[in-house]
Amino acid sequence: MTPTSDNIAAVTGTGSFCAGGRSVQELWQTLAASGVNCAPVPARLFTTALDYPVFAAPGDYLTPDLQALLAEAGLVSLDSVSRTIHLAMAAIAEAIAQAGIPLTALRAQRVGIAIGTTVGCTFHDEEYYSAWRRGDNPPLDPVSYFLNCNIAEAVHRLLKTHGPTAVVTNACASGTDAIGMAKDWLEHDFCDIAIAGGADELSRVAYNGFASLMLLSNQPCQPFDLKRKGLNLGEGAGVLLLERFADARARKHPIQGFVRGYGAASDAFHPTAPHPEGRGLKMALKAAMQEAAVSPDQIAYINCHGTGTKANDLAETTALATLFNPDETAIASSKGVTGHTLGAAGGIEAVLTLKSLHEGSCHGTAGCLQPDPDFAVTPLPQGMKREFNGHYGISESLAFGGGNAVLVLEGCA
Amino acid sequence: MKQIMVTSACSLTDDNLVIDEQLEGQLRRADHFATLAVACGQAALKNGPEKEYAKDRIGTFIGTTYGPLETNFSSLGSLIEQGEGYISPTLFSHSVYNSAAGYISRLFGIHGQALTITTYTWPFLTALNQARLSILAGRIDKALVLGVETYSELLSDACCRAQGIEKPIWRPGAGAMVLETGNEFSSGLCALGRMDIEETPCESSILLARDNEEWTGQDLSGGLGSHPLAHVYDLIDGVTDGRGMAAGNDWQTWNCRASFGSVSLALRR
């Protein structure tokens, strides 16, 4: 099967769960209000003496949609899996509910699960590790827990679905790449339905790692602002439920949009810093638009990576200026209301891009009060709203390792 | 429809790991995971046909079961020993799972897609399939596909204790294939056709031991043991020596099954 208009990946459900809200609609409202739920690390997550604030997701992940899904699956709780999977399941439950697909119908098809993460694939049990290093023989429960917490495999196990899985570990671009993979899977008949996006929880190791790299801000982040000092870590999940267009049309379910193009490229420059001119990002943007068969002037909105670090924001705007006219294309970051959710970012931002295209408007960048005049393009600052008539938008991610990933999304009114 | 050719394949273990002199300096900070990936990737690229591609038309795809887990533990140890705010930046940046893909991109000047996939079942085959799909989608013309596993003392200890065995099961290693579009009758080791992967939820002990994993059909070997790269080595051996592939126009289906699912791939000599 080769890609045709019938087998293009259609979005019939979206879900998100993060500091900006427990659902897509809540997140959208928080974005509109430039709501910033950024605070010291909650003691329920981990204790720290460092003073970098974070965007922690609400503690109660059992949303009404997730409660309904667990009941349908015959599950009493999710106590046996990690917090990253809790966040993922909250978003997945919302997406499945929006798509209106009963579990019995899901189980009858090949469900592809592609989820990006960074923290969600690591073994960071400090107690076990310390005991093992001392030469003790600690009980193996934490190892079993680790092996049971591969997100994509856990989703299949919990929902009793079957099909291909992938946990994409492409650092901060993981969620975007996962959606790109799922697009390929559907278009080439590797699965019938795909759940794709990203999920990540806050972790003490990642928090300290980013601190040691001097990338964190001790205040709420200010993407694209002249006075930006760095990023704030966040946590959450964002997913799309994808079906082939012909299948969604056959069951007469409302279609929210399409994944039209996916492009990815490498800076081949530095382990943790982006290429100063956004070399890989430009290549990924061109590739994604070529695949989608759209030109830059057709792109109404770009949800940028926009982390609030000096290097990222400069590289990203430098690359965008070579391809887009900010008078025609609204450029903004949503990390001022979500924080940098690492592997989840691409999923959450794809959801928000589709929501913006559906609403025909986008909101400015929370925290960006005075856009850096050195940028070659001026992103939309906090408090501004841009309305547009276009149907195409871009969600883009940059990552450690020099990875860049771009999705071209089409929204349906 | 494009024809996908396997134009090079190779594997290595710690026992035959050789680092190119020119790369030695650039790998001085690299962890074992990245070093294995770079060394195996370099060998696979050298063995393939010398056909020029634009840098952004070549992609890197890495599949791994456990990733740079030992570097993750070192990073965790650094936090425990040094205290908050003093975790080693070098260790932390190498603990990110796509660090090896970044090395390959930088050292070999590969500017196309770089994707790292982590699953406990068949990560190399998932990466191989994704490389195939990326070529079919027209994003790239050539792909370096790697399966890489390093030794984790903690996980090996856990496996031994869980299974009541004394000897560690793992040897670090890597396997690689190079995919290119091409004419199957003029170049390459074999053509790669459709792949299907079906994963079945199972208990963690089954994943760790890779219970009942075996190739079926053709004249392939049977049980694969518990090494996470065993199926990769077997596939690479088969592709390079032609085992399990009768000459002719018919696709040969290779099936691998285990308690955690099944996979099939079509190959043609």
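To find a chain, count down the sequence lines: A is the first, B the second, and so on, and within it residues start at 1.
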### Message
Main chain of A/C121, side chain of B/Y97: is a donor-acceptor contact present, judged purely on distance under 3.5 Å?
### Response
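Yes.
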### Query
If only atom types and distance count, is the side chain of B/E199 paired as donor or acceptor with the main-chain N or O of A/P164 below 3.5 Å?
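No: the side chain of B/E199 does not pair with the backbone of A/P164.
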#### Entry: Test applied, side chain to side chain contact (heavy atoms under 4.5 Å, CB included); reference residue, A/F123; option that passes from B/L76, B/L69, B/N72
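Single pass found, and it is B/L69.
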Is there a side-chain contact between [X] and [Y], using heavy atoms and a 4.5 Å cut-off?
X      : Y      : result
B/C202 : A/R157 : no
A/E187 : B/L133 : no
A/F210 : B/I87  : no
B/R161 : A/P138 : yes

### Message
Can you classify the ring geometry of B/F73 versus A/Y129 as parallel (below 30°), tilted (30 to 60°) or perpendicular (above 60°)?
### Response
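B/F73 vs A/Y129 ring planes: parallel.
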### Message
Taking the basic N atoms (NZ, or NE/NH1/NH2) and the acidic carboxylate oxygens, is any pair closer than 4.0 Å for B/E81 and A/R133?
### Response
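Yes, this pair counts.
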### Task
Counting only heavy atoms closer than 4.5 Å, note whether B/T119 contacts chain A via side chain, backbone, both or neither.
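Both backbone and side chain.
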Which residues pass the ring pair (Phe, Tyr, Trp, His ring centres under 6.0 Å) test with [X], sequence neighbours left out?
X      : value
A/Y262 : none
B/H111 : none
B/Y53  : none

### Message
So for A/V205, is it side chain, backbone, both, or neither that comes closer than 4.5 Å to the heavy atoms of chain B?
### Response
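Interface part for A/V205: both.
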### Task
Could you list which of residues 168-175 of chain A have a heavy atom closer than 4.5 Å to any heavy atom of chain B, in residue-number order?
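Against chain B, the residues of residues 168-175 of chain A that fall inside the cut-off (heavy atoms, under 4.5 Å) are A/V168, A/T169, A/N170, A/A171.
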### Query
Looking only at side chains, do A/S266 and B/Q113 share a donor and an acceptor under 3.5 Å apart?
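Distance-only check fails for A/S266 and B/Q113.
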